[in-house]
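Quick notes on the structure that follows.
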Amino acid sequence: MEQQKRDKAILVGVQKQLDHHFDYEMEELENLAAAIDIETVGIVTQNLERIHAGTYVGTGKVEEIGLLFEAMEADLVIFNDELSPSQIRNLEAVLECEVMDRTMLILAIFSRRAKTREAKLQVDLAQLQYMLPRLVGLRASLSRQGGGTGGGFKNRGAGETKLELDRRKIEEQISRIKRELETVKSQRDTQRKRRQKQGLPVVSLVGYTNAGKSTIMNQIMQVAGKEQKQVFEKDMLFATLETSVRQVKLEDQKQFLLTDTVGFVSKLPTHLVKAFRSTLEEARDADLLLHVVDVSNEEYRYMMDITNKTLDQIGVEDVPTLYVFNKSDKADREYPVYQDDQLWIAAKEGAGIPELIDQIKDRVFQDYQTLMLRIPFEQGEIVDYLNTHANVLETEYDEQGTLMTVELSAKDAARLSSYLH
């Protein structure tokens, strides 16, 4: 079968004063392009005090981009920042080619990766909200995003009447998707309340995209003997968009819910953060955050800052946090090591997972108590309950019943206080 030809792109970025992470951002832009099979064939950068209002870069640079575009036989030009509607119009007019910005690129990746109905709706909403002010001059870049644009944009540019029709269509679609998402959100809230009734603590994995959150979740599921409940993992940006929730039951019967959220990235589009807000709220209600960091990347502290800022945006605050420095094997750091709320691990090889589980237990099961109970023989269902839901340290028998030394939650301890021995 003939392999499909990859699109070729020229990447363009402006480095402003005191922008110490510019080189990394451009490298990340190349990785984002690769995530939807776009090959980078040239990079153009410019140092400016501020981005050019009309064309993002100066007019001389626009000419340079045009010459490189022709020489490399490229298909599109991708800019490292979100472009204004007028910038898109001006650049497409001068370059006479398809123009994408960083936001459109991330939206295109999300559109391709979305699997569940909720994720698809969230991406569609973000795309439409981004498109609305940019209908003039978006050319073929709209079709690349796919997914939720409907059939109203195939014959763009047929005058103001057509533009107004397109606008109206988009506004109607935005209203419809928002209604659908409200329904999904209420279902999610119901599920969350049901889980809260169970009284199980919630541990939430957060972090930059491709830091290894899904790998950690799968390693914990393996320890819990639930390999069949593993989630998709792959070494690429935004491998998973869906929030996965798994119930973990350890050997000592302690149970908690583990959630894995979508990864973050620098300059994550505002529309996307808003659209995924309800999904990310899983982290807001957590008892413990595991902030997973790819410590093998030189820019890992910058990634931590981006993650913390995004968590602030969605209202995640005052949640106890354990920093999990993953890929320590590639960073030439000693592992597994725990110090000052920081755990250094190598999740792929399973190194540090037992220590991580111990840290989770120390933090979310602080209210557990060790008690000795005497359960009358005729109440065997309580013995069954304790064997399933508590950590039974010792079991003996006397004439009056079953003597059990158990470690159990404060809630169960209060409920069974009448059986104290």
Side-chain angles (χ1 to χ4, degrees), residues 190-205 214-231 243-260 282 285-290 319-320 322 324 336 338 343 345 347 350-421:
T190 305
Q191 288 171 346
R192 195 179 290 147
K193 280 172 189 162
R194 200 178 297 136
R195 291 202 299 267
Q196 284 169 345
K197 264 188 185 173
Q198 284 180 281
L200 295 181
V202 176
V203 178
S204 195
L205 291 153
S214 298
T215 304
I216 289 172
M217 179 177 247
N218 286 341
Q219 289 284 8
I220 291 174
M221 296 313 295
Q222 201 168 327
V223 169
K226 287 192 174 180
E227 288 90 339
Q228 74 279 13
K229 292 280 190 181
Q230 293 195 337
V231 296
T243 294
S244 306
V245 182
R246 298 288 185 270
Q247 188 166 328
V248 180
K249 186 175 184 178
L250 303 170
E251 278 183 7
D252 60 6
Q253 310 298 346
K254 290 189 176 76
Q255 296 183 63
F256 62 92
L257 292 172
L258 185 63
T259 72
D260 178 18
E282 295 286 350
D285 297 330
D287 298 282
L288 174 68
L289 292 184
L290 301 180
V319 180
L322 172 65
V324 183
Y338 171 73
L343 180 64
I345 70 168
I353 298 300
E355 289 80 359
L356 176 58
I357 290 171
D358 285 343
Q359 288 299 327
I360 292 170
K361 289 203 288 192
D362 285 351
R363 285 164 164 75
V364 301
F365 298 110
Q366 290 169 330
D367 69 336
Y368 267 51
Q369 302 171 25
T370 302
L371 305 172
M372 183 181 261
L373 305 172
R374 177 186 275 126
I375 313 298
F377 288 124
E378 63 271 17
Q379 290 183 289
E381 72 281 358
I382 295 176
V383 174
D384 290 341
Y385 176 85
L386 290 169
N387 281 323
T388 308
H389 295 93
N391 183 20
V392 179
L393 304 171
E394 200 176 342
T395 304
E396 294 176 39
Y397 303 93
D398 65 12
E399 316 82 54
Q400 292 167 288
T402 307
L403 291 170
M404 302 179 81
T405 305
V406 292
E407 188 187 15
L408 74 179
S409 68
K411 187 179 168 187
D412 279 343
R415 200 165 54 84
L416 299 170
S417 59
S418 58
Y419 298 103
L420 277 171
H421 177 56

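Computation of the quantities below employed the complete heavy-atom set of this structure, encompassing side-chain atoms and omitting hydrogens, waters and symmetry-equivalent molecules. Index from 1, following the sequence.
- Here Arg374 contributes atom CZ and Thr402 contributes atom OG1; the two are 10.0 Å apart, rounded to the nearest 0.5 Å.
- For residues 390-421, there are no ring-ring contact (aromatic ring centres under 6.0 Å, His included) pairs, not counting sequence neighbours.
- Put simply, the side chain of Ile357 reaches to within 4.5 Å of the side chain of Leu250, judged on heavy atoms.
- Residues Leu386 and Met404 approach most closely at CD1-SD, 3.8 Å, considering heavy atoms.
- Phe377 pairs by the ring-ring contact (aromatic ring centres under 6.0 Å, His included) definition with nothing, not counting sequence neighbours.
- Annotation for Glu251: atom CD does not count as buried by contact number, only 12 or fewer foreign heavy atoms lying within 6.0 Å.
- Here the side chains of Val223 and Ile353 are in contact, with some heavy-atom distance below 4.5 Å.
- Cation-pi check for Arg246 over Phe256 is not met; the charged atom does not lie both under 6.0 angstrom from the ring centroid and within 45 degrees of its normal.
- Every residue two or more places apart in sequence or in another chain was checked for a side-chain hydrogen bond (donor to acceptor under 3.5 Å, both in side chains) with Asp384, and none qualifies.
- Under the 3.5 Å distance criterion, the side-chain polar atoms of Lys249 are left unmatched by any main-chain donor or acceptor of His389.
- With no hydrogens or angles considered, a side-chain donor-acceptor pair links Gln255 and Gln247 at under 3.5 Å.
- Although no hydrogens or angles enter the test, the distance criterion places a donor-acceptor pair under 3.5 Å between the side chain of Gln219 and the main chain of Ala347.
- A pairwise comparison of heavy atoms in Gly352 and Leu343 identifies O-CD2, 4.1 Å as the closest pair.
- Atom-to-atom distance recorded for Leu416:CG and Gln379:CD is 9.5 Å, nearest 0.5 angstrom.
- Looking at Leu371 and Thr405, their side chains never come closer than 4.5 Å, going by heavy atoms from C-beta outward.
- With contacts defined as side-chain heavy-atom distances shorter than 4.5 Å, the pair Glu407/Lys254 qualifies.
- Distance CG/Asn391 to OG/Ser409: 12.0 Å, rounded to 0.5 Å.
- Side-chain contact between Leu356 and Leu322: present, with at least one pair of heavy atoms (C-beta onward) separated by less than 4.5 Å.
- Tyr338 has its side chain out of reach of Glu355: every pair of non-hydrogen atoms, C-beta onward, lies at least 4.5 Å apart.
- Looking at Ser244 and Asp260, their side chains never bring a donor and an acceptor atom within 3.5 Å of each other.
- The backbone N or O of Leu408 lies less than 3.5 Å from no partner atom in the side chain of Gln369, so there is not a single donor-acceptor pair.
- Nearest heavy atoms, Asp287 versus Pro201: OD2-CA, 3.2 Å.
- Val245 is not listed as a side-chain neighbour of Val202, based on a closest heavy-atom distance of 4.5 Å or more.
- Residues satisfying the side-chain hydrogen bond (donor to acceptor under 3.5 Å, both in side chains) criterion with Thr259, sequence neighbours excluded, are Ser204.
- Of all heavy-atom pairs spanning Leu205 and Met217, the tightest one is CD1-CB, 3.9 Å.
- The salt bridge (charged side-chain N to carboxylate O under 4.0 Å, His left out) contacts involving residues 357-369 comprise Asp252-Lys361, Asp341-Arg363, where partners must be two or more places apart or lie in separate chains.
- Side-chain contact between Asp412 and Val406 is absent, with no heavy-atom pair separated by less than 4.5 Å.
- For the atom pair CG of Leu258 and CD1 of Ile216, the computed distance is 9.5 Å after rounding to the nearest 0.5 Å.
- For the residue pair Ala286 and Val319, the shortest heavy atom distance occurs at O-CG1, 3.5 Å.
- Screening residues 352-372 for ring-ring contact (aromatic ring centres under 6.0 Å, His included), with sequence neighbours left out, gives Phe365-Tyr368.
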